[in-house]
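Below is one structure, written out as structure tokens, with a few remarks after it.
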Amino acid sequence: MLIPPGGRIGILGGGQLGRMLALAAAELGLQCHIYCPDEDAPAAEVASRLTRAGYDDADALARFADSVDVVTYEFENVPAETAAILAAHAPVRPGAKALATAQDRFVEKNFIVSCGIQTAPFADVPDRAALDAALKTIGAPAILKTRRFGYDGKGQAKIADTADAATAWADIGAQPAILEGFVPFEREVSVIVARGLDGKTAAYDPVENVHTNHILDRTYAPAALDASLADEARAIAAKIVAELDYVGVMGVEMFVLPATSRGSRLVVNEIAPRVHNSGHWTTDACLVGQFEQHIRAICGWPLGSAARHSDAVMTNLIGRDVDAWAKIIAEPNAALHLYGKAEARPGRKMGHVTRLYPLGHRPSNTDR
Ligand code: AMP
């Protein structure tokens, strides 16, 4: 059951999340084998083995899974068939249920509601006619989101007025979608939660996320929530991983409604069955960060402490932001993480910086 030091972990996906997982695994004396189709894979540079093949290459997938003790992944759109091939040769953690749930927004929303947790009002929109019907019940403003393969705001169209329906339907590529009522949130928060093979969970403090152009720009740790709301956010995340019989780290994104709202102020927006960008701060501000926590969980090790020893602000270095690296390393409280990507294309995540502050002293998110 327990994969000891010296064990081998297979990681599907070769990006920065895979890279940071492989680094954390190396710290624990574990080896990583990366599987991805890409030529330049940031994760491959820090792992002991690389298989470059497609996610539909059944033979390569089987050989890869045979070469490791456990398989995990750094992106949620792992095709179900790919996961099934891998699972015939090695344990896949997190498992198929988490993937199936997180890959389809309609399934995901229904699952969250079945846990007794609040979501935005939503309706299934299999076709254009269903969009008009959904708009009648949900009303505008609303957001049309493709059921599958949406991320960083892609596959979404805002509908400010019911007259925008046709344009929105065309914008998302006329494909199965859900319509979501617009949530008048006060702030966006997330909880990074881990669940071990033994069913124990560890949730990090909720953090506040600020997006620019639909991409995460900054994470403030902790979020400015009162203690009971922070506890409720952690409990929601723990409930979700328990219901999925989940093993590994998950990011749970939530909206916080204004204090004047009736009922719970927390609305779950989406879940990511993997380590999450809004958890990058944990590497520097917690004894055991999200990457190590994920490795511990999938290897059957006990989870570590998710306690925060410092406040933190994590800033993504996107595109040319990375040119500031030399200035950043001169800052006494900054921890720089670069992903080794050669080309700083606009919108590309090149690295991140986590700035640490004594507990209770992080700058507010209005001090930009
Ligand atoms: P998503 O891809 O679902 O994470 O959505 C991307 C961003 O769009 C979120 O981080 C929010 O800022 C915004 N958003 C998504 N859904 C809603 C909603 N129902 N109400 C208000 N804003 C939303």
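Quantities reported herein were computed from a predicted structural model and do not represent experimental measurements. Order of appearance sets the numbers: ligands from 1, and atoms from 1 within every ligand.
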### Message
With a 6.0 Å cut-off (strictly less than), is the heavy-atom count around CG of D323, excluding the residue itself, greater than 12?
### Response
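Above 12, so yes.
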### Message
If you count heavy atoms of other groups shown closer than 6.0 angstrom to CD of E27, is the number above 12?
### Response
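Atom CD in E27 is not crowded, with 12 or fewer foreign heavy atoms closer than 6.0 Å.
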So, regarding [X] and ligand 1 (criterion: nitrogen or oxygen to nitrogen or oxygen, under 3.5 Å), is there a contact or not?
| X | result |
| --- | --- |
| V183 | yes |
| G181 | yes |
| H214 | no |

### Task
Would you tell me which option among E180, H211, E253, E188 has the nearest heavy-atom contact to atom 12 (O) of ligand 1?
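That would be E188.
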### Task
Between E108, K145, K158, flag the one that comes closest to atom 3 (O) of ligand 1 by a heavy atom.
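The nearest heavy atom belongs to K145.
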### Query
Under 30°, 30 to 60°, or over 60°: which ring-plane class applies to Y339 and H280, parallel, tilted or perpendicular?
perpendicular
#### Entry: Contact check, A142 vs ligand 1, heavy-atom distance below 4.0 Å
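The answer is no, since A142 has no heavy atom less than 4.0 Å from ligand 1.
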### Query
Can F75 and Y55 be said to form a ring-ring contact (aromatic ring centres under 6.0 Å, His included), step by step?
CA-CA 12 Å; F75 64 106; Y55 296 122; 5.2 Å; yes
### Query
With a 4.0 Å heavy-atom cut-off (strictly under), which part of R105 contacts ligand 1: side chain, backbone, both or neither?
side chain
### Query
With a 4.0 Å heavy-atom cut-off (strictly under), which part of N209 contacts ligand 1: side chain, backbone, both or neither?
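The answer is neither.
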### Query
Which ligand 1 atoms are under 4.0 Å away from a heavy-atom of I143?
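In order of numbering, the contacting atoms are 14 (N), 15 (C), 16 (N), 17 (C), 18 (C), 22 (N), 23 (C).
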#### Entry: Minimum-distance pair of heavy atoms, taken over all atoms of L179 and L131
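Nearest pair, atom of L179 first, then L131: CD1-CD1, 4.0 Å.
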### Message
What I'd like to find out is whether the side chain of N110 reaches to under 4.5 Å of the side chain of F122, using heavy atoms alone.
### Response
yes
### Query
Heavy atoms, side chains only, cut-off 4.5 Å: are L144 and Q156 in contact?
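A side-chain contact is absent here, since even the closest heavy-atom pair is not under 4.5 Å.
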